[in-house]
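Presented below is the structure to which this report refers.
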Amino acid sequence: MAQVMSSEIIGIGPHRFKMLISRETIQEHLLQVADRLREDYRDKRPVLVGVLNGCFIYMADLIRALNIPCEVDFIKLSSYRDGMSSGDLSLTKDVDMDLTGRHVILVEDIVDTGKSLGFLRQHMQDKNPASVVMTAMFMKHCFTAVGSPVEYVGMEIPDEFVIGYGLDYAQQWRQLPDLYALVEDK
């Protein structure tokens with residue numbers, strides 16, 4: 001059975017997705033985050049640490065829009081047992097560079113449960129940086145910060161399962177430039 005691909009609905013039942021946010025709207029909000037970060041980090045030469053895998057599209061767009069001297073590294077956590085549910089958190093790839101005295105900007109694609117925030121922030125703090133902040137392109141309405149704020153958020157989204165703009169379902173759909181939400185089949 002072929003997958004349905006249109007600008008509004010993609011996939012096949014029971015995993016069909018409807019467009020939620022256009023690429024133009026995403027880019028508009030990304031530029032606002034980049035403007036704030038550029039102002040706050042203009043003379044600090046930050047290290048952007050991307051949280052793999054989903055961050056790569058947001059991080060690439062952000063660095064281009066930021067357009068200040070910076071360095072890049074990546075970290076990877078494993079937290080998903082299957083395509084949609086959270087499992088136990090573990091570090092599978094650490095940063096390669098020394099972060100002592102550096103200004104670190106953690107780059108996440110989405111904050112939903114917030115389960116990884118405290119872990120990531122503490123892990124970075126253990127590396128003795130000058131500062132650690134976090135940016136996420138998307139943050140779900142259901143998220144409530146308990147000691148782990150997200151200082152730079154692109155946009156708040158509904159508490160729905162989403163794909164596109166780096167976010168996936170079973171390692172598929174990351175390439176979509178728009179954000180799509182799961183359609184509940186009745």
Side-chain angles (χ1 to χ4, degrees), residues 1-38 48-66 74-87 89 105-118 120 133-146 148-186:
M1 176 181 251
Q3 294 189 350
V4 177
M5 288 285 291
S6 76
S7 62
E8 291 297 316
I9 301 284
I10 62 169
I12 57 173
H15 302 111
R16 294 182 318 118
F17 298 87
K18 181 176 182 170
M19 187 189 292
L20 181 64
I21 302 170
S22 72
R23 65 193 82 187
E24 293 83 12
T25 301
I26 292 169
Q27 289 304 306
E28 179 181 313
H29 287 267
L30 177 135
L31 292 175
Q32 291 171 6
V33 171
D35 288 346
R36 287 184 52 217
L37 282 166
R38 186 180 319 104
L48 282 80
V49 176
V51 183
L52 294 170
N53 285 344
C55 80
F56 75 101
I57 290 177
Y58 173 49
M59 191 164 169
D61 287 350
L62 181 64
I63 289 171
R64 285 189 293 263
L66 193 54
F74 294 93
I75 192 167
K76 186 171 185 176
L77 301 177
S78 175
S79 65
Y80 289 92
R81 284 187 214 147
D82 60 36
M84 294 184 179
S85 65
S86 294
L89 198 59
I105 301 171
L106 281 164
V107 182
E108 272 274 31
D109 50 359
I110 189 168
V111 174
D112 45 19
T113 66
K115 184 176 179 179
S116 63
L117 294 185
L120 284 168
V133 297
M134 183 171 286
T135 181
M137 185 61 228
F138 306 109
M139 185 166 66
K140 290 190 178 179
H141 290 302
C142 65
F143 172 73
T144 55
V146 181
S148 291
V150 181
E151 291 86 354
Y152 302 89
V153 176
M155 55 194 317
E156 224 174 271
I157 62 171
D159 185 20
E160 299 181 48
F161 186 82
V162 292
I163 59 166
Y165 200 71
L167 298 159
D168 73 298
Y169 168 68
Q171 297 299 325
Q172 300 298 308
W173 306 109
R174 291 185 195 278
Q175 79 281 5
L176 299 171
D178 308 294
L179 194 70
Y180 288 78
L182 182 66
V183 175
E184 294 294 330
D185 287 331
K186 304 285 186 234

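Computed over heavy atoms, backbone and side chain alike; hydrogens, waters and symmetry mates excluded. In this text, all values refer to a predicted model and were calculated from it rather than measured experimentally.
Distance CE/M155 to CD1/I110: 11.0 Å, rounded to 0.5 Å. With rounding to the nearest 0.5 angstrom, the CE atom of M137 is 6.0 Å from the CD1 atom of I26. One finds the OH atom of Y180 at 10.5 Å from the CG atom of L20 (value rounded to the nearest 0.5 Å). How far CG of D61 is from CG of L66: 12.0 Å, rounded to the nearest 0.5 Å. In this structure, SG on C55 lies 10.5 Å from CG on L167, to the nearest 0.5 angstrom. With values rounded to the nearest 0.5 angstrom, H29 atom NE2 is found 12.0 Å from I157 atom CD1.
Taking every heavy atom of both residues into account, K76 and N53 meet most closely at NZ-OD1, 3.4 Å. The shortest non-hydrogen separation linking E160 to A181 is OE1-CB, 3.2 Å. Among all heavy-atom pairs drawn from T135 and Y152, the shortest one is OG1-O, 2.8 Å. When all heavy atoms of D178 and R23 are compared, the pair lying nearest together is OD1-N, 2.6 Å. The two atoms that bring I10 and L176 nearest to each other are CD1-CD1, 3.1 Å, heavy atoms only. Considering all non-hydrogen atoms of both residues, V33 and Y58 come closest at CG1-OH, 3.5 Å.
Classified by interplanar angle (parallel below 30°, tilted 30° to 60°, perpendicular above 60°), the ring pair F138/Y165 is perpendicular. Using cut-offs of 30° and 60° for the angle between ring planes, the Y169 and F161 rings count as perpendicular.
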Checking side-chain contact (heavy atoms from CB on, under 4.5 Å) for the pair E156/K140: CA distance, chi angles, key distance, verdict? CA-CA 6 Å; E156 224 174 271; K140 290 190 178 179; over 6 Å; no
Audit row: F17, L182, side-chain contact (heavy atoms from CB on, under 4.5 Å) steps and yes/no: CA-CA 4 Å; F17 298 87; L182 182 66; 3.7 Å; yes
For the pair V162 and I21, evaluate side-chain contact (heavy atoms from CB on, under 4.5 Å) and give the outcome as yes or no after the intermediate values. CA-CA 10 Å; V162 292; I21 302 170; over 6 Å; no
Run the numbers on L62 and M59 for side-chain contact (heavy atoms from CB on, under 4.5 Å), then give the verdict. CA-CA 5 Å; L62 181 64; M59 191 164 169; 5.5 Å; no
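Residues passing the side-chain hydrogen bond (donor to acceptor under 3.5 Å, both in side chains) test with S22, sequence neighbours excluded: E24, T25.
L120 is listed as a side-chain neighbour of E108, based on a closest heavy-atom distance under 4.5 Å. I63 is not listed as a side-chain neighbour of V107, based on a closest heavy-atom distance of 4.5 Å or more.
A donor-acceptor pair is defined here as one N or O able to donate and one able to accept, closer than 3.5 Å; no such pair exists between the side chain of R16 and the backbone of G11. Remark: side-chain polar atoms of R36 are paired, donor with acceptor, to backbone N or O of E151 under 3.5 angstrom.
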